[in-house]
Amino acid sequence: MTQDKPTIYFDNAATTYPKPEVVWQAMDEFARLGGANANRGQNPMARRAARMIDETRVKVAKWVGLPADGQITFAPSATIALNQVILGSGLQPGDSVYVSPFEHNSTLRPLAHLQKTSGLKLQEIPFHPTRFEVAWDRLEVMWREASPAMLVLSQASNVCGLLLPVEELAARARKANPSVTIAVDGAQAAGLYPLNLTIGLIDYLVWSGHKSFYGPFGVAGLAFCTDRRLQPIIFGGTGTISESLEMPEDLPYGLEAGSLNSPAIAGLSAALDWLNQTGRETITIHTAKLMKTLETELSDLYGLRLIKIPSDRRAPVLSLTAPGITPQALEEYLGNQGIAVRAGLHCAPWAHRFLQTLGIGGTIRLSFGYFNHEEQIKYFVNSLAQIID
């Protein structure tokens with residue numbers, strides 16, 4: 001990037017950027033004026049920190065569609081939250097866990113670990129190769145042969161933006177096995193594309209503070225939509241029941257060992273206020289328009305392969321490949337033009353296998369956020385045209 005050319009940021013699937021200014025202000029104010037350790041003592045600063053955290057739990061619950069008293073636990077990242085669900089659910093040897101072809105390694109790797117160490121059976125939900133729809137007939141056969149003990153599903157693919165039919169998959173899985181555990185990886189979409197969490201279909205929703213919540217790194221967590229409880233996978237101090245060597249049984253403390261990242265939670269609280277003021281539809285309509293503009297502008301460029309998802313079933317993510325140039329070389333070229341995109345496999349190798357891009361090193365991915373605009377798209381398309389023409 002040249003010094004006189006600002007970066008055009010099209011990598012919001014990795015983290016939304018820039019953050020609303022109020023996020024940084026809230027983090028700075030907390031760190032400077034209230035940075036005590038919540039639930040560690042009864043001094044006024046520690047109590048204020050604990051109150052801020054509890055108020056943020058309520059904001060998260062409301063944003064994702066749970067009652068204000070819905071159970072929210074914090075984690076340092078969505079990866080750790082997914083590990084908590086998968087490793088803490090008490091899966092047994094021989095259990096069948098079903099995932100889509102679009103899962104992130106944050107899901108695939110802990111499941112692969114259980115497959116290797118405890119005999120878990122990892123099953124891939126079949127999708128039509130061009131329509132991006134579940135092959136329901138095949139899946140029903142699979143469920144009759146191996147009943148689903150758990151489904152772990154991305155709400156939205158971080159590679160191609162596909163919004164999966166999470167609720168329909170959950171409903172059908174519950175018919176196949178009423179006791180199935182259903183967890184949703186909402187890192188890309190939680191809150192912006194609401195799911196019904198109050199009717200008993202979904203047990204756990206994983207959310208990420210620094211992605212669809214427009215907050216900072218260092219805070220994510222679980223929304224509990226069920227009475228089921230998870231076994232902790234991390235042990236340590238919680239500031240409660242310190243006389244016992246057992247982790248507390250009550251939530252959220254039983255799953256929150258160690259000091260919480262209070263400055264990040266303060267930033268998340270401000271981000272949630274900004275989201276509610278801005279409005280989820282304002283954000284999703286804006287980014288959908290940008291996606292439509294991008295596809296229109298790219299249609300005249302010869303030889304590009306666009307991974308196109310129907311507009312009513314996608315988040316603002318587009319993957320593409322260009323003739324005669326690797327995704328990595330194209331990312332470097334665009335970076336030199338002041339454009340930030342993401343090349344490669346995006347930590348989702350099964351998705352690239354499904355898209356038939358695994359063998360060529362993946363794709364270039366563009367992902368939009370609220371602060372992008374159409375002039376940036378035009379500059380990107382002009383820059384791309386110069387290298388592929």
Side-chain angles (χ1 to χ4, degrees), residues 1-2 5-20 23-24 77-79 102 104-106 154-163 185-190 192-193 207-218 220 267 271 283-284 286-291 293-295 297-298 304 306-307 309 314-322 325-349 351-352 355 357 361-384 387:
M1 182 185 69
T2 59
K5 189 181 300 178
T7 296
I8 294 173
Y9 185 82
F10 288 156
D11 197 18
N12 289 275
T15 189
T16 44
Y17 177 86
K19 308 299 182 185
V23 172
W24 309 126
S77 67
T79 296
F102 304 100
H104 192 276
N105 276 339
S106 297
S154 287
Q155 186 179 358
S157 166
N158 73 314
V159 175
C160 62
L162 176 67
L163 290 166
D185 174 2
Q188 294 294 327
L192 289 179
Y193 302 87
W207 51 271
S208 174
H210 74 96
K211 295 190 179 185
S212 64
F213 282 35
Y214 284 79
F217 287 103
I283 297 171
T284 56
H286 172 68
T287 54
K289 287 181 178 178
L290 293 178
M291 285 289 292
T293 298
L294 176 65
E295 289 189 343
E297 294 284 338
L298 290 175
L304 287 181
L306 307 183
I307 309 299
I309 306 296
R314 73 178 178 198
V317 178
L318 177 71
S319 270
L320 61 87
T321 59
I325 183 169
T326 67
Q328 291 72 21
L330 186 54
E331 178 186 26
E332 181 178 2
Y333 164 78
L334 291 169
N336 290 333
Q337 307 306 307
I339 303 169
V341 296
R342 172 85 183 274
L345 302 181
H346 313 100
C347 300
H352 285 279
L355 299 170
T357 53
T363 60
I364 286 287
R365 183 189 69 191
L366 291 86
S367 47
F368 295 140
Y370 177 75
F371 297 103
N372 291 124
H373 53 80
E374 289 193 357
E375 288 301 315
Q376 295 174 329
I377 293 174
K378 293 177 182 178
Y379 179 77
F380 162 76
V381 173
N382 288 335
S383 299
L384 185 62
I387 194 172

Within 6.0 angstrom of Y17 OH, more than 12 heavy atoms from elsewhere: no
Value rounded to 0.5 Å, distance of CD1 in I307 from OG1 in T321: 6.5 Å
Closest contact, heavy atoms only, V23 versus P216: CG1-CD, 3.9 Å
Under 3.5 Å: donor-acceptor pair, side chain of S157, backbone of V159: yes
Salt bridge (charged side-chain N to carboxylate O under 4.0 Å, His left out) against K289, all qualifying residues, sequence neighbours excluded: none
Non-hydrogen atoms of Q188 and A13 that approach each other most closely: NE2-O, 2.9 Å
Flag, side chain of S208 to backbone of A220, donor-acceptor distance under 3.5 Å: no
Under 3.5 Å: donor-acceptor pair, side chain of K19, backbone of H210: yes
Expected output: side-chain S212 to main-chain A190 donor-acceptor under 3.5 Å: yes
Under 3.5 Å donor-acceptor, D185 side chain and Q155 backbone: no
Ring-ring centroid check H346 H352, cutoff 6.0 Å: yes
Pairwise side-chain contact, I8 with I377, heavy-atom cut-off 4.5 Å (strictly under): no
Sole candidate of N372, L318, L320 that passes side chain to side chain contact (heavy atoms under 4.5 Å, CB included) when paired with L294: L318
Non-hydrogen side-chain atoms of N158 and V317 separated by less than 4.5 Å: no
Flag, side chain of Y379 to backbone of Q337, donor-acceptor distance under 3.5 Å: yes
Distance in Å, L334 CG paired with I387 CD1, rounded so as to fall on 0.5 Å steps: 7.0 Å
Side chain N12, main chain S367, donor-acceptor under 3.5 Å: yes
Y370 ring center near Y214 ring center (under 6.0 Å): no
Which atom of R365 lies closest to which atom of V341, heavy atoms considered: O-CB, 3.6 Å
Ring geometry between F380 and F10 (parallel below 30°, tilted from 30 to 60°, perpendicular above 60°): perpendicular
CA sep, side-chain torsions, deciding dist, call: L345, T357, side-chain contact (heavy atoms from CB on, under 4.5 Å): CA-CA 9 Å; L345 302 181; T357 53; 5.9 Å; no
Minimum heavy-atom distance between W207 and A78, given as atom pair plus value: O-CB, 4.2 Å
Residue pair A315 / L163: nearest heavy atoms and the distance that separates them: N-CG, 3.8 Å
Euclidean distance, L304 CG relative to E295 CD, rounded to 0.5 Å: 12.0 Å
Nearest heavy-atom neighbours spanning I364 and P327: CD1-O, 3.2 Å
